[in-house]
Amino acid sequence: MANFYSGQDGQLFVDGGSTAVAKVRSWSFTASQAVLETVSLEDTDRTIIPGIRSITGSCSIYYYSESGGDTGAGGVSTLLQKFVKPSGGSTAGTGKTTKSSNVRLKLAIDDGSTDGRFIEFFVYITSLAMTNAVGQVLAADISFEVDGAPIGTGSAISF
């Protein structure tokens with residue numbers, strides 16, 4: 001039987017965790033492939049080879065916790081702390097902050113199977129916006145750029 005998947009089937013995993021970190025409203029990614037020309041002066045047709053590939057994406061998540069005060073390793077806090085880092089240690093009181101670190105993201109669709117459908121990669125979060133409004137669920141929107149190729153040995157992408 002054919003199935004359609006919707007936003008409610010989306011999942012987000014952080015740093016190799018096995019528990020989804022948030023209720024996903026939506027996620028998306030875009031892969032681009034640059035090409036390099038391999039022509040010389042006497043050629044009459046353009047020939048190309050693959051160049052640099054880049055992947056960017058975004059995710060909109062609802063901020064929630066299973067229980068009050070839940071800040072477990074799989075929580076949304078883990079994701080946010082990879083990007084928003086306070087000053088501390090030797091930088092405390094100097095106004096300088098610690099550099100952001102990359103994060104391992106797995107964007108998945110819960111299709112009812114054991115492994116599901118997913119893509120997994122290391123990313124740097126490039127923007128973060130949190131919205132809290134009367135009558136709405138607290139939400140966070142992130143944008144990211146992928147650092148390197150998707151992770152895995154043959155099963156890094158399963159769609």
Side-chain angles (χ1 to χ4, degrees), residues 2-64 73-88 91 95-131 137-159:
N3 286 324
F4 291 98
Y5 302 106
S6 68
Q8 70 185 23
D9 300 313
Q11 297 177 317
L12 173 67
F13 299 89
V14 175
D15 287 342
S18 59
T19 303
V21 300
K23 300 294 183 189
V24 176
R25 180 169 41 189
S26 65
W27 58 252
S28 66
F29 67 91
T30 302
S32 300
Q33 174 76 57
V35 294
L36 304 171
E37 289 189 13
T38 58
V39 297
S40 60
L41 291 175
E42 68 273 359
D43 291 339
T44 57
D45 293 306
R46 180 177 181 236
T47 57
I48 57 174
I49 59 171
I52 301 294
R53 180 180 62 202
S54 66
I55 303 173
T56 60
S58 64
C59 187
S60 182
I61 56 179
Y62 292 122
Y63 194 98
Y64 83 107
V76 176
S77 294
T78 303
L79 179 62
L80 300 180
Q81 289 170 11
K82 293 286 187 170
F83 182 65
V84 180
K85 294 197 174 228
S87 62
T91 62
K96 295 181 180 179
T97 59
T98 307
K99 291 181 181 179
S100 296
S101 55
N102 67 356
V103 60
R104 183 175 179 167
L105 285 186
K106 180 178 181 180
L107 304 175
I109 295 172
D110 181 9
D111 67 352
S113 68
T114 303
D115 294 330
R117 299 173 189 272
F118 64 90
I119 185 167
E120 188 170 8
F121 26 55
F122 283 100
V123 306
Y124 280 97
I125 298 172
T126 56
S127 73
L128 165 72
M130 292 186 74
T131 305
V137 175
L138 177 61
D141 296 311
I142 63 168
S143 295
F144 57 85
E145 291 197 28
V146 173
D147 183 20
I151 299 169
T153 54
S155 63
I157 303 172
S158 174
F159 276 102

(Q) To the nearest 0.5 Å, what is the distance between CD1 on Ile49 and CG on Leu36? (A) 5.0 Å
Q. Can you tell me how far the CH2 atom of Trp27 sits from the CG atom of Leu105, to the nearest 0.5 Å?
A. 11.0 Å
**Q.** Step-by-step side-chain contact (heavy atoms from CB on, under 4.5 Å) determination, Thr131 to Leu138
**A.** CA-CA 6 Å; Thr131 305; Leu138 177 61; 5.9 Å; no
Q.
Among residues at least two apart in sequence or on other chains, which ones pass side chain to side chain contact (heavy atoms under 4.5 Å, CB included) with Ser32?
A. Thr30, Ser54
**Q.** Note, Thr56 side chain near Phe29 side chain (heavy atom, < 4.5 Å)
**A.** no
**Q.** Minimum heavy-atom distance Phe144-Thr126, with the two atoms named
**A.** N-OG1, 3.7 Å
Q.
Please give me the minimum heavy-atom distance between Ile55 and Ala31, naming the atom from each residue.
A. CG1-CB, 4.0 Å
Q. To the nearest 0.5 Å, what is the distance between CD (Gln11) and CD1 (Ile61)?
A. 13.5 Å
Q) So do the side chains of Val103 and Ile125 get within less than 4.5 Å of each other, counting heavy atoms only? A) yes
(Q) Keeping Glu37 on the side-chain end and Thr47 on the backbone end, is there a donor-acceptor pair under 3.5 Å? (A) no
Q: Compare all side-chain heavy atoms of Val35 with those of Arg46 and state whether any distance is below 4.5 angstrom.
A: yes
Q.
On a heavy-atom basis, which atom in Gly51 and which in Gln33 lie closest, and how many Å separate them?
A. O-NE2, 2.9 Å
Q.
Does either side chain, that of Ser58 or that of Ser143, offer a donor lying less than 3.5 Å from an acceptor on the other one?
A. no
Q. Do side-chain atoms of Asp15 reach the backbone of Arg104 as a donor and acceptor pair under 3.5 angstrom?
A. yes
(Q) I'd like to check Tyr124 versus Glu145 (side-chain heavy atoms, cut-off strictly below 4.5 Å). Are they in contact? (A) no
Q: Measure the spacing between CZ of Phe13 and CD of Glu120 and express it to the nearest 0.5 Å.
A: 9.5 Å
Q: Determine the sole option in Asn102, Val123, Ile151 for which the side-chain contact (heavy atoms from CB on, under 4.5 Å) test with Val146 is passed.
A: Val123
Q | Ion pair check, Asp110 and Arg117, cut-off under 4.0 Å | A | no
Q. Hey, what do you get for NZ (Lys106) to CZ (Phe118), rounding to the nearest 0.5 Å?
A. 5.0 Å
Q) How long is the gap from OG on Ser60 to CG on Asp141, to the nearest 0.5 Å? A) 3.5 Å
Q. For the residue pair Phe121 and Ala149, what are the closest heavy atoms and their distance?
A. CB-O, 4.5 Å
